[in-house]
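The structure under discussion appears below in the form of structure tokens.
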Amino acid sequence: MADVLTAEAVEQELGGLAGWSGDSSGISRTVELASFPDAIAVVDRVAVVAEELDHHPDIDIRWRTLTFRCVTHSAGGVTVRDLALARRIDEIVRSAR
Ligand SMILES: C[C@H](O)[C@H](O)[C@H]1CNC2=NC(N)=NC(=O)C2=N1
């Protein structure tokens with residue numbers, strides 16, 4: 001299993017992940033899409049990637065605003081798997097707006 005990253009490592013990684021914030025207990029990003037259907041389409045695409053990676057974000061849906069939170073629940077903190085998932089979420093969001 002991937003190790004939980006140190007607070008310093010997470011902070012450094014966040015420097016390269018625009019829009020993401022957090023610490024070693026979890027990283028999150030909130031995005032607003034143009035409409036509710038657009039937001040749900042993003043969730044749907046993230047679901048496909050999450051299954052592919054066997055790693056799943058916590059997702060909060062409020063009309064057209066989505067908050068993604070990435071933490072490796074089994075490890076109890078942020079691991080490299082969360083950073084990989086965050087990058088994939090960014091790709092999907094980028095192509096959706
Ligand atoms: C068996 C399966 O690999 C685990 O349940 C996975 C699935 N997706 C997961 N996703 C996240 N974010 N954390 C986990 O610990 C986790 N565990």
Side-chain angles (χ1 to χ4, degrees):
M1 190 204 293
D3 292 327
V4 174
L5 298 171
T6 63
E8 293 73 24
V10 173
E11 200 179 316
Q12 191 173 336
E13 292 287 347
L14 285 173
L17 279 171
W20 289 84
S21 60
D23 55 33
S24 52
S25 68
I27 59 172
S28 61
R29 179 182 178 191
T30 297
V31 294
E32 186 181 292
L33 283 301
S35 67
F36 183 66
D38 281 5
I40 295 304
V42 166
V43 169
D44 204 37
R45 292 178 62 194
V46 168
V48 172
V49 165
E51 284 291 286
E52 178 193 319
L53 299 177
D54 190 25
H55 201 63
H56 305 81
D58 298 339
I59 307 174
D60 181 89
I61 304 169
R62 300 192 185 217
W63 183 28
R64 58 189 177 138
T65 300
L66 303 174
T67 299
F68 296 96
R69 179 174 167 85
C70 299
V71 55
T72 304
H73 299 287
S74 57
V78 173
T79 67
V80 289
R81 299 184 69 184
D82 299 301
L83 302 172
L85 178 58
R87 290 189 188 99
R88 296 293 296 274
I89 290 171
D90 281 350
E91 279 173 22
I92 292 167
V93 168
R94 204 176 304 126
S95 70
R97 54 183 195 179

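Fair warning: this is a prediction, and the values are worked out from it, not measured in the lab. Order of appearance sets the numbers: ligands from 1, and atoms from 1 within every ligand.
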Rounded to the nearest 0.5 Å, what's the gap from CZ on Arg45 to CZ on Arg88? Could you check? 10.0 Å

Looking at ligand 1, does any of its N/O atoms fall within less than 3.5 Å of an N/O of His56? yes

Is atom 13 (N) of ligand 1 less than 4.0 angstrom from some protein heavy atom? yes

Roughly how far, to the nearest 0.5 Å, is CG of Leu85 from CZ of Arg69? 13.0 Å

Interatomic distance, His56 atom NE2 to Arg81 atom CZ [nearest 0.5 angstrom]: 9.0 Å

Taking every heavy atom of Trp20 against every heavy atom of Phe68, the minimum-distance pair comes out as CZ3-O, 3.8 Å

Contacting atoms of ligand 1, where contact means under 4.0 angstrom from a heavy atom of Asp54: 2 (C), 3 (O), 7 (C), 8 (N)

Apply side chain to side chain contact (heavy atoms under 4.5 Å, CB included) to Asp82 and Leu5, showing your working. CA-CA 10 Å; Asp82 299 301; Leu5 298 171; over 6 Å; no

Non-hydrogen protein atom less than 4.0 angstrom from atom 4 (C) of ligand 1: no

Under a 4.5 Å cut-off applied to non-hydrogen side-chain atoms, are Glu13 and Val78 in contact? no

Selected option - heavy-atom contact closest to atom 16 (C) of ligand 1, from Arg81, His55, Arg69: His55

Going by the 4.0 angstrom heavy-atom rule, the piece of Val71 near ligand 1 is backbone

Taking 4.0 angstrom as the limit and counting only heavy atoms of Ser74, give me the atoms of ligand 1 inside it, by number and element. 14 (C), 15 (O)

